[in-house]
Structure formats: structure tokens, C-alpha cells
Amino acid sequence: MFEEIKKLLVECAHVDDDEVKPESNLKKDLGIDSLYAVELTLELEEHYGISIDWEEMQEVYTVKDVVDLIETKVGK
């Protein structure tokens, strides 16, 4: 799951592959602003066939938080 999300982050936010680690902070370490967060949310929803509320994304701070959210949504 981490590798899939890492790939989406690299593609969506145009960050370097080496920068994306579970503990990476989306805003501070990867520079993901609100526009990129919306794009990422849409990509995650499409890729995994799920729905993510904006409020849920407001509680996501690290790459691990994204992984945890997606795992909860897809039931893995």
C-alpha cells in the first residue's frame, strides 16, 4: 500500500521519490499545499474506488496517515 501511495504522491505533487517516507509530513517535508491535497484526494478516490471526505483529509499530516486512511477505507 505504501509503495502505491508513494507513486501517487510522486506523480501528483511532483516530489522526489527519495523524499517520500512514512514519516514525511505532507506540507512541511513534501510541500503539498491545499491545491495538491485536493488533487491527491481525487487521485486516491479514483485509484482505490473510495470516497474521502474533506474533513478526513484535514486530519492527515504524514504519508503514514494517508496509508492508514486508505487502508481503513478499503478494508485492508
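These numbers come from the heavy atoms of this one structure, side chains and all, not from hydrogens, waters or symmetry mates.
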Closest heavy-atom pair and its distance - [X], [Y]:
X   : Y   : value
D29 : E23 : OD2-O, 4.1 Å
V74 : I50 : CG1-CG2, 3.8 Å
I32 : Y36 : CG2-CB, 3.6 Å

Checking side-chain contact (heavy atoms from CB on, under 4.5 Å) for the pair S51/E45: CA distance, chi angles, key distance, verdict? CA-CA 6 Å; S51 178; E45 288 178 329; 4.1 Å; yes
With hydrophobic residues grouped by side-chain heavy-atom distances under 4.5 Å, do [X] and [Y] end up in a single group?
X   : Y   : value
Y61 : L26 : no
W54 : I52 : yes
V60 : L42 : yes

Ion pair present between D17 and K6, side-chain N to carboxylate O less than 4.0 angstrom? yes
Quick one: [atom1] on [X] to [atom2] on [Y], what's the gap to the nearest 0.5 Å?
X   : Y   : atom1 : atom2 : value
Q58 : D53 : CD    : CG    : 11.0 Å
E56 : L69 : CD    : CG    : 5.5 Å
L9  : E4  : CG    : CD    : 12.0 Å

For residues [X] and [Y], determine if any side-chain heavy atom of one lies less than 4.5 Å from a side-chain heavy atom of the other.
X   : Y   : result
M57 : V38 : no
V10 : K7  : no
V66 : L8  : no
E43 : E11 : no

Side-chain donor/acceptor of D65 to backbone N/O of T62, under 3.5 Å: yes
Taking it one step at a time, do Y48 and M1 satisfy side-chain contact (heavy atoms from CB on, under 4.5 Å)? CA-CA 11 Å; Y48 290 102; M1 179 77 60; 3.5 Å; yes
Chi angles and distances behind the side-chain contact (heavy atoms from CB on, under 4.5 Å) call for I70, F2: CA-CA 10 Å; I70 300 306; F2 169 74; over 6 Å; no
